[in-house]
Amino acid sequence: MRETGRGIILRTNAKFMVPFILLWGLYVLTHGTSGPGGGFQAGVVLAAGFILYAVVFGLEDTQKIFPFKVVLVIASLGVSIYAWIGVFAIVCGGNFLEYGKIPLAHEAAESSKLGIEMVEIGIGLTVMAIMLSIFYTFVQRGD
Amino acid sequence: MLDVIDVILTKYNYIIYMSLMTLGLYGMIGKSNLIKKLIGMSVFQYSIFLFYISIADVEGGIAPILVEREVTYTNPLPHVLILTAIVVAVSTLAVGLSLVIRIYREFGSVDENKILMRLKDD
Amino acid sequence: MEKRSFGGFSLLISFVVLYLFWILNSGRLELLYLSMGVICSFAIAYIFHEIFVPIKEPKAAFRTAFRFLLYIPWLFYQIILANLDVAKRVLHPAMPIDPQIIVFPSKLKSELSMTTLGNSITLTPGTITVDIDPDGTFYVHCIAREPAEFLLSEVPCEMATRVGYVFGELPRWKK
Amino acid sequence: MSIFEIFLYILLITTSIVLYRVIKGPSLFDRIVGINAIGTKTILMIVVISYVFERPSFLDIALLYAILNFIGSIVISIYIERGGVTE
Amino acid sequence: MIEAIKLAITVAFLLAGSFFLVTGSLGIVRFPDTYSRMHAAGKCDTLGVSLMLIGFIIYQGLDLVSVKLILIILFVFFTGPVAVNAIIRAAINSGHKMWTVEGWKEWKKERIESSEGLNDTSG
Amino acid sequence: MIEELSNHLPILLIVSGLIGAFLTPLIGLIRRELCSFWASFITLIQFSISIFLFYQAVQVGRISYWLGGWEPPWGIEYAIDILNGFVLVVVSTICLSVAIYGRKSLLKEVPGKEIQLYTLYILLCTGMLGIIITGDVFNLYVFLEISSLAAYALVAVGDRNSLVASFNYMIMGTVSACFILLGIGYLYLMTGTLNMADLSRLLPPLYDRPAILIGLALLIVGLSIKTALFPLHTWLPDAYTHSPSAISALLSGTFTKVGIYVLMRFIFSIFGLEYFLRNTDIFTFLGWVASAGIIFGAIMAIAQDDFKRMLAYSSISQIGYIALGISLANNFALAGSLLHIFGHSLMKTGLFMVAGAVIYSKGIKRVSQLEGMGNVMPFTMGAFLIGALSMIGIPPTIGFVSKYLILLGAVENGEWVFAAVILFSSLLTAAYFWRVFEKVYFGENKKEEKAGKEAPLSMLLPTIILAILSLVGGFLAPMFIRVFELWIGGVILGGV
């Protein structure tokens, strides 16, 4: 909040838009099986929301919500979700990523859908984290 | 003459992707600005994606998202493949841009000739 | 002390708004999606509620929302006028334009009202807000003098007064 | 052929008109304005396409494109203004 | 019958919207400097999009799909001016020259001297 | 449970790498130093799985694993036969030894970047293993790009020049990946399948179609860039010279070999030898290009003063040998090529490790400064001696056996020019290594440094082990050849 006079319009609008954009990103993330959404798009939208926040309110504020280390952890976590669900399918007696064998629901098709959604969430988190980390590395001046 | 027109009308997707590819290749080789090289690289990659998408086309088909109606879908497999390839292309672009940023910080220029001159000076 | 009691209010409001947004988007009334919506919108609301709802007083917030809804049709009417004006200028063979920057005070106080006025000015005939000073002075780029007259005719101008009324800062506009 | 397809062509024409400005320039800001305008028209195009193909789910894509277009314009203009995205 | 009227109203709205879009595009091409081009782009696009989407809402009737259309309208309505404002601020703060009637002659002379044109900034 | 898990080894090979790569940042948050141990651990796991898979492939035959439980033409299949399994073992051996070697070396050359470095390292190894075991051509492309991306980033962490080298590498690599993608697209257009086994079944009736030829040409050009075959090698010398030594060791030992493997897979398994017997021009062309590369690389290596650059040009020359063996396409030459993949991986990685060790303890990068190193670093230079002798092709090293086999192949096909090229280039190889020997063992050390300034044990041990392996490999060669013949017999008999 250093430049009080300048950019009032942008700042006030960003305050209003950022939560909606992020929530919309989460909506895309969770409705991957029923719409044109999915992990990649959702990750991009979420990252875009945070980038807007960073651009308008400064990098420090954003890194208060999302420090660089947390971004790295989320990226690892996302891929781990994907990998562990696959491994869990092996443990449940199927092949790798054979969601149908995971006992999430009564029917194989249903649990397969749930499995895909969970993987999508993992992908979304990873994409968001990778995008943000790229943004952070591009923006920070000097190493 | 008619044959030529016929080929152009039926195989226009190949012509478009070939010309885009040539354009991209020219950008990659002919330009000395590294950013322009990257742009050429992207054009090159995306021309191939267009080729994939066009071979998936089915006459009168629509995008392969399930709907209740009875419709013809285009072949979904190339779409899936290209989704993956687009992700790869984006990551390549990100790697390339970060390289260019670091080159710029190191050499103070994104022009290939200037960079090579600075390298020679060392 | 006071802030804390209103903090709950802003959290609630932002949660409700965001959850409404979720349901409208999702359109699926299954338990899974509804509960996901609760989690997601609560998380977002929790992080952002302080900046999301800038008006801390419940009564003022509802009043503002109501008046804002009444303000929109008027604004829309103005926008259509504006566009016809710009269209006329575009299609006119001689292009009667004379770009310049004008400065005028608005007597608005809060950032929110200034932003609203700024956006409205940008949307209406031949004017774009360039910058706003913290004391409410507007710098506006206009395409010609005439469409900007309505901003300069009196202080505060009609639009500023209407916006000020929406946010409870100025009295109702009377012709 | 649906009646909405006509509007698809109208939008294409407007886009190509703006494209002239984007290519011609002459300044960076003209290009940004042009690209922003093309983005707005693309949103509409996606909506029209969703009606031509009767796929309501395309509207999500339109909204997504709107978000990205907005953020893109903002980030580019702030980058030019400050010489860097954040200061 | 009602269907036909609905379709007619829709098409009317769509035509009105596309009229504004076309004028906006023409303005972007015709206007002499960046700032006046922004006038054309910012306003005509916002209104054009809104009108066309309102047309689609009328065609659709009131359901979840039209709610989504309303969301798009709101989004464009809120963000269009902000984007234009951000661009114009960037242009002014980086010292972009402005077209004025008085400066017209000078501008023309400059343009003849350097074929680069007057609006070239360092960017 | 163990029994059950062993059925899933192909995927565990990849998943362990994926999990390992993305857990590295978490490990790094605890302690930065742990990253290198973690990388060694992951590559050790991959190494043991590879050994087991190779053993199984030799004993049982082709192993097939269906990803997600979908049947092959629709789902992605991971398949391991003898060719696969062998390259798998070679690559994972190199990955493991470089991971151990790199702990000290990378710490010294690029301090403070462990987390990114080892994440990319594991990703690169996993990508390469994925290329090798996959039975789906598009999956192959994806893994190729994953490992290439990691390789670009790893090359870029070197010195100042490495940024430009990495950029050029990236441009070339992307062109090659695009060509490969396009080639795959043509194959898919013609056959409608992406599965390798399916492709090899569906291709024979389509042999006369020009699209197949276009696809093959695109694939060969693309893969030639990845493997740095002679006219398309331009990215390699810069990339190897300026990247950190451990990374150049890894890339020289594995990445080009993986490219060669993919080339062999496409030529012999997917298209089948019959296609090339119909279009013999392809092999003739490949043979001439390869022999030009052999001579060119060797001559350029003689002209270099930078130690790593000399080794890089030597790599171009040696890759030519493997390609020559492929183009001869008979029993002897193929066995020689396969053996040379193994041998060259060992030797070249070992030699780059030596270069890295010299840089580590002395900071010397040029051949002309190596005077008297034989006394100062006896063990390192001993390893260098063995590696170089093997590279020249002195019996009983592995390099001798493989070159001899390729020579036999050339003689059998009656290609006397190629045989002469092989013999002549051995002389050239001897020439450029002799320069180094002369400096190392007969040069005067001006500073009169005494022995004992060796590189640390964690760097020395992998170097020496690789050198000993390339020595012992010569004695074990008959055993290897017997294994190869299982595969070669299938290819040649199945083709003709």
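Heavy atoms only: backbone and side chains are in, while hydrogens, waters and symmetry mates are out. Here is the naming used below: chain letters follow the sequence lines, and residue numbers restart at 1 for every chain.
- Heavy atoms of D:Ile76 lying under 4.5 Å from chain E are absent altogether.
- With chain D as partner, the option from E:Asn85, E:Asp45, E:Leu7, E:Leu26 having the largest number of non-hydrogen pairs under 4.5 angstrom is E:Asp45.
- Within the 4.5 Å cutoff, no side-chain heavy atoms of D:Ile43 are placed close to those of E:Phe75.
- Shown here is E:Phe77, whose CZ atom has more than 12 heavy atoms of other residues, nucleotides or ligands within 6.0 Å.
- The aromatic rings of E:Phe56 and D:Phe4 lie tilted to each other, with the angle between the two planes from 30° to 60°.
- The two atoms that bring E:Arg37 and D:Val33 nearest to each other are O-CG1, 4.3 Å, heavy atoms only.
- Contact annotation for D:Ile10: only side-chain heavy atoms (C-beta onward) come within less than 4.5 Å of a heavy atom of chain E.
- Summarising the geometry, atom CD1 belonging to D:Ile3 is positioned 9.5 Å from atom OH belonging to E:Tyr59; distances are rounded to the nearest 0.5 Å.
- The distance from the CE atom of E:Met38 to the CG atom of D:Asp30 is 7.5 Å, given to the nearest 0.5 Å.
- At a threshold of 4.5 Å between non-hydrogen side-chain atoms, the residues E:Ile28 and D:Ile17 do not count as touching.
- Proximity of D:Arg21 to E:Ser25: side-chain heavy atoms (C-beta onward) are nowhere separated by under 4.5 Å.
- Only the side chain of D:Leu11 has a heavy atom closer than 4.5 Å to any heavy atom of chain E.
- Only the side chain of D:Leu44 comes within contact range of chain E, with heavy atoms under 4.5 Å apart.
- Atom CG of D:Leu63 and atom NZ of E:Lys68 lie 8.5 Å apart (nearest 0.5 Å).
- Interatomic distance, CG of D:Leu8 versus OG of E:Ser18, reported as 12.0 Å (0.5 Å rounding).
- Between D:Ile78 atom CD1 and E:Ile87 atom CD1 the span is 11.0 Å, to the nearest 0.5 Å.
- If you measure heavy-atom distances from E:Leu64 to chain D, you find no contacts under 4.5 Å at all.
- In terms of non-hydrogen atom pairs under 4.5 Å with chain D, the most contact-rich of E:Thr10, E:Leu21, E:Val11, E:Ile88 is E:Leu21.
- Of the listed residues D:Asn36, D:Asn69, D:Ile67, the one with more heavy-atom pairs under 4.5 angstrom with chain E than any other is D:Ile67.
- E:Val65 and D:Tyr51 make their closest contact through CG1-OH, 4.0 Å (heavy atoms, listed as atom of the first residue, atom of the second, distance).
- Here the closest heavy-atom approach between residue E:Ala83 and residue D:Ser73 is recorded as CB-CB, 4.2 Å.
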